Amino acid sequence: MPAQITVSVDGAERPVPIGTTAGGLLIDELGGAARGAGAIVVARVDGELRDLAHVLTAGAVVEAVTIDSPDGLAVLRHSTAHVLAQAVQQAHPDARLGIGPPVRDGFYYDFDVATPFTPEDVKALEKAMQRIVNEGQTFVRRVVTDDQARAELAAEPYKLELIGLKGNAADAAEGAANEVGAGELTIYDNVGRDGQVVWKDLCRGPHLPTTKLITNGFSLMRTAAAYWRGSEKNPQLQRVYGTAWPTKDELRAYVDRLAEAERRDHRKLGAELDLFSFPDEIGSGLAVFHPRGGVIRKAMEDYSRQRHEESGYEFVYSPHITKSALFETSGHLDWYAEGMYPPMHLDAELDADGAVRKPGQDYYLKPMNCPFHCLVFRARGRSYRELPLRMFEFGSVYRYEKSGVVHGLTRVRGMTQDDAHIYVAVDQIESELALLLTFVLDLLKDYGLDDFYLELSTKNPDKYVGSDEVWQQATDTLRKVAQDSGLELVPDPGGAAFYGPKISVQARDAIGRTWQMSTIQLDFNLPERFGLEYQAADGTRQRPVMIHRALFGSVERFFAVLLEHYAGAFPAWLAPVQVVAIPVADVFTDHLHDVAARLRAQGIRVEVDTSDDRFPKKIRNAQKAKVPFMLIAGEDDVSKGAVSFRYRDGSQKNAVPVDDAITEIVAAVRTRAATP
């Protein structure tokens with residue numbers, strides 16, 4: 001009988017022969033499926049993901065990872081990226097390999113090729129990938145020394161560069177950690193049925209046991225240009241994006257979701273509905289809102305102001321620029337300078353010879369509102385009786401985002417934050433956070449979002465200020481408040497800003513996409529840096545704690561989220577035009593003008609269509625503009641003092657008394673009701 005070791009699987013210890021692999025154990029123990037959504041594709045051994053071919057050692061704790069789990073999907077997509085790279089080098093032997101990591105819902109791989117890929121090239125690559133998949137090649141891990149890797153990959157300059165960055169790859173480029181880590185180097189061979197190595201790549205793994213598991217649930221989506229390691233100073237590569245799913249049905253469902261997301265794209269809807277634009281004359285990432293977009297934005301902001309007033313917030317205002325000293329004190333110039341616009345050097349005075357008589361000062365466009373609010377707090381003596389002190393501002397901020405990441409209204413360079421900063425005593429922290437989280441969730445629900453979970457971002461060990469003890473206290477407090485909310489809490493290790501941990505509210509929209517919404521950050525550090533104090537009940541001077549809170553995140557981004565969530569069909573209270581009155585013939589126009597006047601007196605945004613278009617075209621125009629309510633008047637309506645009531649979904653009620661129609665519309669707007 002062969003010698004045995006003891007391992008743990010599915011929570012139970014089990015003796016197995018020496019040399020047992022993770023795959024052999026799991027498939028024997030759990031009956032793991034070879035194909036399909038429940039297929040076991042890798043194992044978690046002592047907390048680390050391993051190939052199924054990994055040989056187990058005594059005491060190993062082994063868990064199955066299926067292809068439809070988050071880790072399993074990442075492995076599937078990373079393996080598919082390797083198949084793509086193999087197909088590219090088969091078709092273009094001179095192509096040099098960059099990086100090919102899994103990303104959300106898919107993967108990409110960067111290539112240095114002589115000419116950009118065409119759509120026809122992409123179709124040919126998909127067919128070549130399918131042939132590789134059908135061959136059933138195996139992924140075989142092989143440990144190599146640095147020198148061996150350099151020798152084998154001598155023709156791959158980008159891989160050689162990554163080898164030199166071993167241990168620092170995560171900071172070197174997005175996805176580089178999938179290639180090399182701080183430990184041993186490994187190469188994955190793609191081995192054909194005859195046992196010969198068909199292709200290889202530098203990679204940490206793990207990978208699927210065979211390409212057969214990729215089936216036909218993959219697709220190449222698009223190509224783009226990408227600088228090596230994200231720097232404009234480096235060569236420009238060709239990036240091919242793809243997606244991969246356990247089954248063809250899941251791939252089809254994903255493609256359908258993409259089509260729906262494209263239909264809802266806020267940039268497309270913004271142009272169609274005449275809401276906003278990005279004129280070249282102004283600059284990248286700087287939006288202007290058109291009148292109809294301005295109406296929606298004003299309605300959003302007005303309701304937010306109302307709710308803040310009702311909840312005890314005080315409104316403050318701060319300028320768009322400031323001397324550099326403010327951001328030196330806050331720490332932003334130490335930690336955030338790359339995200340700020342360059343300084344403006346002003347106020348220098350020169351004598352007749354050009355010598356500096358009075359040195360100038362650097363001014364910056366503000367990227368944050370929080371330092372200004374600290375100055376408001378510090379402007380006079382404060383008492384414990386004023387705490388919690390809740391300051392609120394719709395403050396314009398400016399951040400120099402790289403051109404490659406600017407995207408419609410969701411990633412801009414100029415934005416308006418609905419920024420609140422709340423100053424509390426230490427013994428008020430937990431109760432104020434709980435109150436604040438409830439306020440945030442309730443207000444988001446009023447705008448039509450109601451599917452949430454929370455994310456807790458903790459300290460980045462390489463980028464923070466303040467003591468470890470203070471960070472731990474702040475993190476523990478936020479975690480407790482989040483858990484007490486009853487919502488799912490997801491960890492985000494290292495994701496905090498430099499001054500404190502945060503809770504972020506993640507909201508799912510109408511088609512299931514997740515958006516980061518409100519953030520709540522607990523900060524013991526800025527009050528220290530600005531020397532903020534208040535007089536406590538016992539007469540001592542105490543340091544307040546500061547809570548940062550952006551509810552929308554930015555007005556622009558929240559506008560985009562709502563536009564896509566509603567696919568442009570805003571509920572009546574947010575719609576730029578709430579009612580269009582349409583006469584069947586010109587003779588009935590006066591009747592509708594009278595109705596419109598009564599609606600306007602109730603604060604309703606109404607238009608009477610007196611254009612030369614035919615009646616059916618007027619109906620289509622209103623539906624295309626996604627107007628919630630259409631009031632139609634013909635001879636019967638006028639004779640009865642009524643209107644025909646047509647909804648956005650095409651349903652209609654005839655001969656509705658004018659008083660009843662006005663009551664229904666006003667109620668829908670004032671209660672922020674969903675609109676058909």
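Just so we're clear, the structure is a prediction, and the values are computed from it rather than from any experiment. By convention here, the first residue in the shown sequence is residue 1.
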Between [X] and [Y], do the side chains contain an N or O donor and an N or O acceptor separated by less than 3.5 Å?
X      : Y      : value
Gln306 : Asp302 : no
Glu393 : Ser318 : yes
Gln473 : Glu469 : no
Asp492 : Ser457 : yes
Arg672 : Tyr303 : yes
Arg297 : Thr416 : yes
Asp347 : Tyr363 : yes
His266 : Thr410 : no

Discussion item. Looking at every heavy atom in both Pro367 and Met340, which two are closest together, and how far apart are they?
Written reply: CG-CG, 3.7 Å
So do the side chains of [X] and [Y] get within less than 4.5 Å of each other, counting heavy atoms only?
X      : Y      : value
Arg267 : His407 : yes
Asn621 : Lys624 : no
Leu365 : Tyr400 : no
Tyr108 : Val103 : yes
Arg648 : Phe629 : no
Ile282 : Val288 : yes

Separation between [atom1] of [X] and [atom2] of [Y], rounded to the nearest 0.5 Å:
X      : Y      : atom1 : atom2 : value
Lys268 : Glu262 : NZ    : CD    : 7.5 Å
Arg305 : Asp418 : CZ    : CG    : 10.0 Å
Thr475 : Arg479 : OG1   : CZ    : 6.5 Å
Leu387 : Ile422 : CG    : CD1   : 11.5 Å
Arg605 : Ile296 : CZ    : CD1   : 8.5 Å
Phe394 : Phe392 : CZ    : CZ    : 4.0 Å

Tell me whether [X] contacts the main-chain N or O of [Y] through its side chain, where contact means a donor paired with an acceptor under 3.5 Å.
X      : Y      : result
Gln361 : Lys323 : no
Arg508 : Asp450 : no
Thr540 : Ala536 : no

Item to complete: For residues Phe327 and Tyr336, establish whether the separation of their ring centroids is below 6.0 Å.
Response: no
Discussion item. Quick check on the 6.0 Å ring-centre criterion: do Tyr647 and Phe645 meet it?
Written reply: yes
Discussion item. Testing Glu432, His421, His308 one by one against Arg390 for a side-chain hydrogen bond (donor to acceptor under 3.5 Å, both in side chains), which residue passes?
Written reply: Glu432
Worksheet item: Has Glu349 got more than 12 heavy atoms of other residues, nucleotides or ligands less than 6.0 Å from its CD?
Response: yes
Fill in: Enclosure of Arg541 CZ (heavy-atom neighbours >12, cutoff 6.0 Å)
yes
Item to complete: Apply salt bridge (Lys or Arg N to Asp or Glu O under 4.0 Å) to the pair Arg257 and Glu260, showing each step before the final yes or no.
Response: CA-CA 5 Å; Arg257 290 197 302 273; Glu260 178 62 19; over 6 Å; no
Discussion item. Can you classify the ring geometry of His320 versus Tyr398 as parallel (below 30°), tilted (30 to 60°) or perpendicular (above 60°)?
Written reply: tilted
Worksheet entry | Matching residue for Phe377 among Tyr534, Phe372, Tyr423 - test: ring-ring contact (aromatic ring centres under 6.0 Å, His included) | Tyr423
Worksheet, complete the sentence: Between Phe559 and the options Phe289, Tyr447, Phe552, Tyr566, the ring-ring contact (aromatic ring centres under 6.0 Å, His included) test singles out Phe289
Fill in: With Gln506 via side chain to side chain contact (heavy atoms under 4.5 Å, CB included) - residues at least two apart
Tyr453, Glu455, Ser504, Thr514, Gln516
Worksheet item: Any salt bridge between Asp509 and Arg264, counting N to O under 4.0 Å?
Response: no
Item to complete: Might you work through the salt bridge (Lys or Arg N to Asp or Glu O under 4.0 Å) test for Glu430 and Lys480, ending with a clear yes or no?
Response: CA-CA 8 Å; Glu430 188 171 328; Lys480 182 178 186 303; 2.8 Å; yes
Worksheet item: Going through the distances and angles, do Asp419 and Arg549 end up as a salt bridge (Lys or Arg N to Asp or Glu O under 4.0 Å)?
Response: CA-CA 6 Å; Asp419 234 354; Arg549 192 236 62 197; over 6 Å; no
Discussion item. Determine whether Leu526 and Leu532 satisfy the following criterion, side-chain contact (heavy atoms from CB on, under 4.5 Å), listing intermediate values before the conclusion.
Written reply: CA-CA 8 Å; Leu526 280 187; Leu532 305 185; over 6 Å; no
Discussion item. Does Glu386 form a salt bridge (Lys or Arg N to Asp or Glu O under 4.0 Å) with Arg380? I'd like the steps, not just the answer.
Written reply: CA-CA 12 Å; Glu386 297 178 75; Arg380 63 171 176 81; 2.8 Å; yes
